[in-house]
Student: 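This is the structure, below, for whatever I ask next.
Indexing begins at 1, ligand by ligand and atom by atom, following the structure's order.
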Amino acid sequence: MTGDEPLEDSVELRTDGGERSRRSRSSSELRSDGGAAGADDVALDPWGSSSVSDYRNLFEEFGIEEFEKILPEVPNPHYLLRRGVIFGHRDYRPVAEAMRNDEPFAALSGFMPTGDPHIGHKLVFDEIIWHQQQGADAYGLIADLEAHAARGLTWDEIDEHSRNYLLSLLALGFDPEEGDLYRQSTNREVQDLAFELGAEANFSEFEAIYGFDGETDVSHMQSVVTQMADILYPQLEEPKPTVIPVGPDQDPHVRLARDLAERMRFFKVSKAYASFELDDEERELVAEYYERLDPAEFDDDALRCVHVAEELERTPLEELDVSPDTLGSVVSKLSEAGKEPVRPRTRFFNRRATDDAFEALIDAVDGEKRVYENHVDAFDLDLEAAESLAKTIEVENGGYGFVAPSSIYHRFMTGLTGGKMSSSIEASHISLLDDPQEGYDKVKSATTGGRETAEKQRELGGRADECPVYELYAYLLAGDDDEFAKEVYDECVGGERLCGGCKEQAAELMRDFLADHQEKREEVEDLLEQADIELESPRRG
Ligand code: TRP
Ligand code: SF4
């Protein structure tokens, strides 16, 4: 389903340098906002033209998790989840849990109004709407600042496209009374939050993540912090699990947002073994020795920092899975602490709390505790209880208490003409605004995974996995009807289905879908007028 070229082994996630920002501005190619891009080599670049040839690498190299593994935990999964169109996620578990337990959670995605909404965007619309139906606070935003800054669109163009995105979102079932719609440029709270988040990010980081350089314009950078604020916006009222449904090209944004959410927290809660701070690697080493060494073997039946230091120095470096620097640093910290006993505890490190918040935390820690200049150690609290206490104190004292946002990633659709689906190649994609007959015609002339002759097809079966027409069935035309999707697949690979008839059926379904969708778009015009979103930009240019 990834496309009609053979899977390649190499996936390059564009998070390294390169002239991304310049290029993106002039690029006429479709980025993968809604998911349109097919299969050549991979460039996961939010402003490039992204495509993915091998999704497995995204798991292995970038730590995206396979959605399939979490599917059993999701109540009433949408067909896009069931059919593997949503192939990956980051940290979706808290979202699924909130859904099951009827607890608050949110879903948010954003759209750059750079052209017409097409069937790739429909995937994201459907994902937001489904989450809303499962009880999420749902958000759909128009990334107008980004379209202006990164794409150079005028405000008039932006307004026109925005309206089209919103009408399709509503026509597909988004409930604007329950959910929220906004455009970046007029959401003051988003702008304020963006400013706060910007104080936690710096240019070197943007350089490393997005390949920004000295030529990148400042507004483009501002649109990045704005997106960070979008992603965390649902949590302004109260912290809650939030899922961001997007294409995998947006993963760099998701990772940065997860980092920033963490950096904004007042306290960092961790395990610790002695009064001083250790980094993660150092801590693991001490934890291992704490487990391994028997206190009875030392003078007064106590394991002390200096003992661990001595043991570490006795161990040949090859047997330790750390760098000489780490070893040196941990040994010197332990030696300096000398006779201090090694004792596990839960630590609240004060990252950016106000004095009042830090005081309040100290008061709130039950049981044995030790207070230091910049941290409190609790001896009778487990990690989970400590996390929840840290959050409560933060929120009570005016902090955000952000939960790291989660994401889900959908596959990019293959273009109808093969290669990637691109809005700059008319025949490769179907716009939600295409005349139904035009949609029919495009499907009829699509490439397929069929064989050269009907006999061969009967003998060998078709290649549904490499067929853009089959993708249309699976991603859209079969709707919720899994049996129908499976029937098309089985008949195709079994040689019972021939491409002519198959395309005719798909083309008719597409014509019906477009006609129906466009009728619904007209019906929701009023709903859009009443919705709480500005349809005309106050800006010029
Ligand atoms: N950058 C996204 C795109 O290219 C649009 C966007 C802006 C977005 N803010 C967002 C997506 C927040 C998800 C969440 O289409
Ligand atoms: Fe594609 Fe249908 Fe032909 Fe199979 S029969 S290859 S699904 S067009």
Student: Cation-pi check for Y400 against R265: NZ or CZ below 6.0 Å from the six-membered ring centre and within 45 degrees of the axis, yes or no?
Tutor: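 So R265 doesn't make the cation-pi contact.
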Student: Could you say whether the N/O atoms of D230 and ligand 1 ever approach to under 3.5 Å?
Tutor: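 Yes, at least one N or O pair falls under 3.5 Å.
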Student: Report the protein N/O/S neighbours of atom 3 (Fe) of ligand 2 that fall below 2.8 Å; do not count waters.
Tutor: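 The answer, once waters are left aside, is C499 SG.
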Student: If you measure from each non-hydrogen atom of T226 to ligand 1, which part falls under 4.0 Å: side chain, backbone, both or neither?
Tutor: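 For T226, there is no contact with ligand 1 at all, from either part.
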Student: Have S162 and R183 got a donor and an acceptor in their side chains that come within less than 3.5 Å?
Tutor: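 R183 and S162 do not have a side-chain donor-acceptor pair below 3.5 Å.
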Student: Before accepting this row, confirm whether a basic side-chain N of the pair R151/E146 lies closer than 4.0 Å to the acidic partner's carboxylate O.
Tutor: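 The answer is no: the pair does not qualify as a salt bridge.
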Student: Can you tell whether the side chains of R83 and D480 come within less than 4.0 Å, N to carboxylate O?
Tutor: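 No, R83 and D480 are not salt-bridged.
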Student: Stepwise, does the ring pair (Phe, Tyr, Trp, His ring centres under 6.0 Å) test hold for Y489 with Y470?
Tutor: CA-CA 7 Å; Y489 187 90; Y470 177 69; 5.3 Å; yes
Student: Can you list every ring-ring contact (aromatic ring centres under 6.0 Å, His included) pair that touches residues 166-188, not counting sequence neighbours?
Tutor: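 The answer is Y182-Y233.
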Student: Parallel, tilted or perpendicular for W130 and H78, by the 30°/60° rule?
Tutor: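 Perpendicular.
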Student: If we only count N/O pairs under 3.5 Å, is E146 in contact with ligand 1?
Tutor: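 The answer is yes, given that E146 and ligand 1 share an N or O pair closer than 3.5 Å.
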Student: Which atoms from ligand 1 have a heavy atom of A143 less than 4.0 Å away?
Tutor: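 Numbered from 1, ligand 1 contributes 5 (C), 7 (C).
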